[in-house]
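Please read the structure below before turning to the comments.
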Amino acid sequence: MKVTIVGCSGSFPGPDSPASCYLLEAEGFRLLLDFGSGALGALQRHIDLYDVDAICLTHLHADHCLDLCGYHVARTYGPAAPYPRVPVYAPKDASRRLAAAYGMPEEPGLETAFDFVALAPGNFEIGPFTVTAGRVNHPVETYGFRAAHGGRSVAYSGDTGESEELVRLADGADLLLCEASFLEGPDLPKGLHLTGRQAAEHAAKAGVGRLVLTHLVPWHDRLRVLDEASTGGFAGPIELARSGAVYELA
Ligand SMILES: [Zn+2]
Ligand SMILES: [Zn+2]
């Protein structure tokens with residue numbers, strides 16, 4: 001399995017990264033985890049515009065889903081349109097919400113380009129991947145994911161506060177893409193985001209092979225996020241996500 005970080009900026013795009021988007025590839029199948037603001041542009045550095053086979057959305061905050069609107073244009077009106085509909089595994093309100101974001105009537109909404117499938121916790125097959133979805137700790141319906149293929153696995157936190165479900169999803173994963181949106185401080189809101197230290201604590205509990213800190217908010221000093229993660233008790237390698245970084249899990 002090959003994992004490419006397309007976008008890792010938290011809450012909105014930064015100067016050197018779109019918002020959340022991760023490309024997973026195995027056996028020629030291409031699965032996106034999240035499709036946040038700006039990701040459609042950077043995605044084309046890695047694969048052809050029309051080579052997305054499936055999309056999973058953790059939740060419906062704009063920085064995780066909004067580029068489906070632009071991608072709808074590409075697949076509905078591109079030179080060889082209509083292109084096959086791409087399955088989009090997302091919280092149940094996704095079709096209506098994204099139609100509203102685009103300014104489309106609910107029927108057909110974006111259904112000409114996408115086949116929306118309502119997420120629920122559990123395991124399912126997407127192409128060659130076994131995907132596990134679990135509810136994490138964020139103010140709206142939000143899922144973390146684990147994707148496994150060929151004995152290797154990657155877990156992705158989505159947006160979350162402290163979450164036992166995230167530990168379960170990431171259990172023994174080769175790679176954990178974990179959000180680290182907050183810097184340590186007094187009175188951090190609960191049930192929203194993690195600090196670098198908390199991300200590392202989750203990685204340690206789950207016993208993952210490698211921790212990549214992501215959803216990095218542009219107004220923070222990311223070296224401080226990395227420094228705080230070093231206090232979380234995780235003994236494995238920790239690094240900051242970077243748009244364009246590739247991890248070969250083999
Ligand atoms: Zn977010
Ligand atoms: Zn969010």
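Both ligands and their constituent atoms are indexed starting at 1 by order of listing.
Residues D63 and S37 bring no donor and acceptor atom of their side chains to less than 3.5 Å of each other. No donor-acceptor contact under 3.5 angstrom links the side chains of T231 and R197, judged on distance only. There is no side-chain donor-acceptor pair under 3.5 Å between H59 and E141. Counting only N and O atoms by type, the side chains of S181 and E179 include a donor and acceptor under 3.5 Å apart.
To the nearest 0.5 Å, the span separating CG on L24 from OH on Y247 amounts to 13.0 Å.
Checked against the Zn ion (ligand 2), the N, O or S atom of H61 at the shortest distance is ND1. The Zn ion (ligand 1) sits nearest to atom OD2 when only the N, O or S atoms of D159 are considered. Minimum-distance N/O/S atom of H59 relative to the Zn ion (ligand 2): NE2. The atom of H64 that is an N, O or S and sits closest to the Zn ion (ligand 1) is NE2.
Taking backbone and side-chain atoms together, H215 has an N/O/S atom less than 2.8 Å away from the Zn ion (ligand 1). Residue H138 counts as close to the Zn ion (ligand 2), with an N, O or S atom under 2.8 Å. At least one N/O/S atom of D63, from backbone or side chain, sits under 2.8 Å from the Zn ion (ligand 1).
Salt bridge annotation for D53-R30: absent, with no cationic side-chain nitrogen under 4.0 angstrom from a carboxylate oxygen.
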